[in-house]
Number of protein chains: 2
Amino acid sequence: MNDSGTNSDTRAGLIEAGLELFGHKGFDGTSTRELAARAGTNVASISYHFGSKAGLREACALAVTDRMSRALDGALATPDTEEAALGLIEKLVRALVDLIVGSPEAANMVAFMLREITEPGDVAEMVYRSFVEPRHKALCGLWAMATGRSPDDAEVKLAVFALVGQVLYFRIASPFVIRRLSWGEIGQDETRQIADLVIDNLRNSMERQKK
Amino acid sequence: MNDSGTNSDTRAGLIEAGLELFGHKGFDGTSTRELAARAGTNVASISYHFGSKAGLREACALAVTDRMSRALDGALATPDTEEAALGLIEKLVRALVDLIVGSPEAANMVAFMLREITEPGDVAEMVYRSFVEPRHKALCGLWAMATGRSPDDAEVKLAVFALVGQVLYFRIASPFVIRRLSWGEIGQDETRQIADLVIDNLRNSMERQKK
DNA sequence: GTCTATAAACAGATAGAC
DNA sequence: GTCTATCTGTTTATAGAC
């Protein structure tokens, strides 16, 4: 399962601690002592299980891409008609909004991944290759099928980025959104409002590209 | 100009170093020694001019909100008609895309502010109150005038967040965008393509809200 | 596998010379 | 105002007992 062939739940605990603390305070802002304390173990176990603090970071990134892929790919399929493609994208967007904006359980994962995306590095490279690119391609494929365009069309690719960007921004700016809209929190109802807006934008954007 | 009444260009140099290094490597990832070296001075000057490393961070945030406000508020005015309001929003969005996505000079500023927004704290609070909220309100006012809705309408507020979110995401994910579109860089032409897309989305979004 | 103790490097802040 | 030297605490990594 890992470099040294070990298999304990100290390992899993450290990954959870990493997701939470790296995501919340950043990699540099988190000390190995905090990580160990949060996981209920000692500093030496980080080196033992992951080689180094950086090794734990990579393991966290791997855990995140795995789980997010599973959460999203459940909504993936290969549709036959334009209508089916549109329906599938909408289903995918709802899953994305639920995961990124509305899921308190996924909050640590999303925060972790957002940080890794923001700062270029080896981990961001891995995230791009194994997660972002394949899913962006899949979305472009669906978009192309729903609009009759080529999946390699620059406008299609940009529109898909803009689509995902809206969703991610609602997570990034969620403290601002909550204050500006006098929301107490972003619960089920608020998540639905956001998803409705994004899907309306999505439909308009597709209609325009069809012409 | 500051706490101790000093006024040197060592001060300005440290702020530039802060924008670049805090923005690129994060606050915790940047040491006072790096900051001093980048500014061509010594560590003690940080305490002298700003009290502490955290003081330099605040000074950087203030510099960013000042400059970004000036860069954007040039495109602000109070229009009389629906058409004028729409035109003004489009002008503002182009200014925003130029600044956030297309301006290499503003890259440090944008990176710095993005980090501060991402991690909640005193600085993010200041950025919200003095920069985000007033400009979001102004945009909602224009949007309301162009659509005939109330500026306090939740759908208006959310649509404006989604609008800004698209733009910011193109900066956040710019390494991904560049790779997926086989762009060498995001230059004038690419910036225009992004602005065109965002403005198309904006028009559709407004048309829908008018109904 | 887990943990304590410690090594070696580095952090931010400051005293005091100029 | 600027800078060197240094204080004090913390960092990651690891050696070695269990």
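Proteins come first, then strands; the chains are lettered A, B, ... in the order of their sequence lines, and each starts at number 1.
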Spacing of [X] atom [atom1] relative to [N] atom [atom2], expressed in whole Å:
| X | N | atom1 | atom2 | value |
| --- | --- | --- | --- | --- |
| A:Lys53 | D:dA13 | NZ | C1' | 12 Å |
| B:Leu35 | C:dA13 | CG | P | 11 Å |
| B:Lys25 | C:dA11 | NZ | C1' | 13 Å |
| B:Glu34 | C:dG12 | CD | C1' | 13 Å |
| A:Leu21 | D:dT11 | CG | C1' | 16 Å |
| A:Leu14 | C:dG1 | CG | P | 13 Å |
| B:Phe50 | C:dT14 | CZ | C1' | 17 Å |

Residue pairs passing the side chain to side chain donor-acceptor pair (under 3.5 Å) test where at least one lies in residues 161-171 of chain B, sequence neighbours excluded: B:Gln166-B:Asn201
Tell me the side chain to side chain donor-acceptor pair (under 3.5 Å) pairs involving residues 101-113 of chain B, sequence neighbours left out? B:Ser103-B:Glu105
For [X], salt bridge (Lys or Arg N to Asp or Glu O under 4.0 Å) partners two or more places apart:
| X | answer |
| --- | --- |
| A:Glu119 | A:Arg57, B:Arg115 |
| A:Arg192 | A:Asp189, A:Asp196 |
| A:Asp73 | A:Arg135 |

Show me the donor-acceptor pairs, under 3.5 Å and distance only, between side chains in residues 21-29 of chain B and residues at least two apart or in other chains.
residue : atom : partner : partner atom : Å
B:Lys25 : NZ   : B:Glu34 : OE1          : 3.4
B:Lys25 : NZ   : B:Glu34 : OE2          : 2.4

According to side-chain contact (heavy atoms from CB on, under 4.5 Å), who are the partners of A:Ala44, at least two apart in sequence or on a separate chain?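 Listed in chain order: A:Asn42.
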Heavy atoms within less than 4.0 Å of DNA chain C: which residues of residues 26-33 of chain B have one? Give them sorted by number.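 Hits under 4.0 Å, by residue number: B:Thr30, B:Ser31, B:Thr32, B:Arg33.
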Write out all pairs satisfying ring-ring contact (aromatic ring centres under 6.0 Å, His included) with one or both partners inside residues 103-141 of chain B, taking only residues at least two apart or from two chains. A:Phe176-B:Tyr128, B:His136-B:Phe161
Between A:Ser69 and A:Thr65, a side-chain donor and acceptor under 3.5 Å: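 No donor-acceptor contact under 3.5 Å links the two side chains.
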Report each atom pair, protein N/O against N/O of nucleotides 2-5 of chain D, whose distance is under 3.5 angstrom.
residue : atom : partner : partner atom : Å
D:dT2   : OP1  : B:Thr10 : OG1          : 2.9
D:dT2   : OP2  : B:His49 : NE2          : 2.9
D:dC3   : OP2  : B:Thr41 : OG1          : 3.0
D:dC3   : OP2  : B:Asn42 : ND2          : 3.0
D:dC3   : O5'  : B:Asn42 : ND2          : 3.2

Would you indicate whether the side-chain heavy atoms of B:Leu19 and B:Arg67 approach each other to under 4.5 Å? yes
Residues that A:Asp200 engages under side chain to side chain donor-acceptor pair (under 3.5 Å), provided they are two or more places apart: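 Per chain and number, A:Asp200 pairs via side chain to side chain donor-acceptor pair (under 3.5 Å) with B:Arg208.
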DNA chain D: stems of at least 3 consecutive Watson-Crick or G-U pairs whose donor-acceptor distances fall under 3.5 Å: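 C:1-10 with D:9-18, C:12-18 with D:1-7 - these are the stems of 3 or more pairs that involve DNA chain D.
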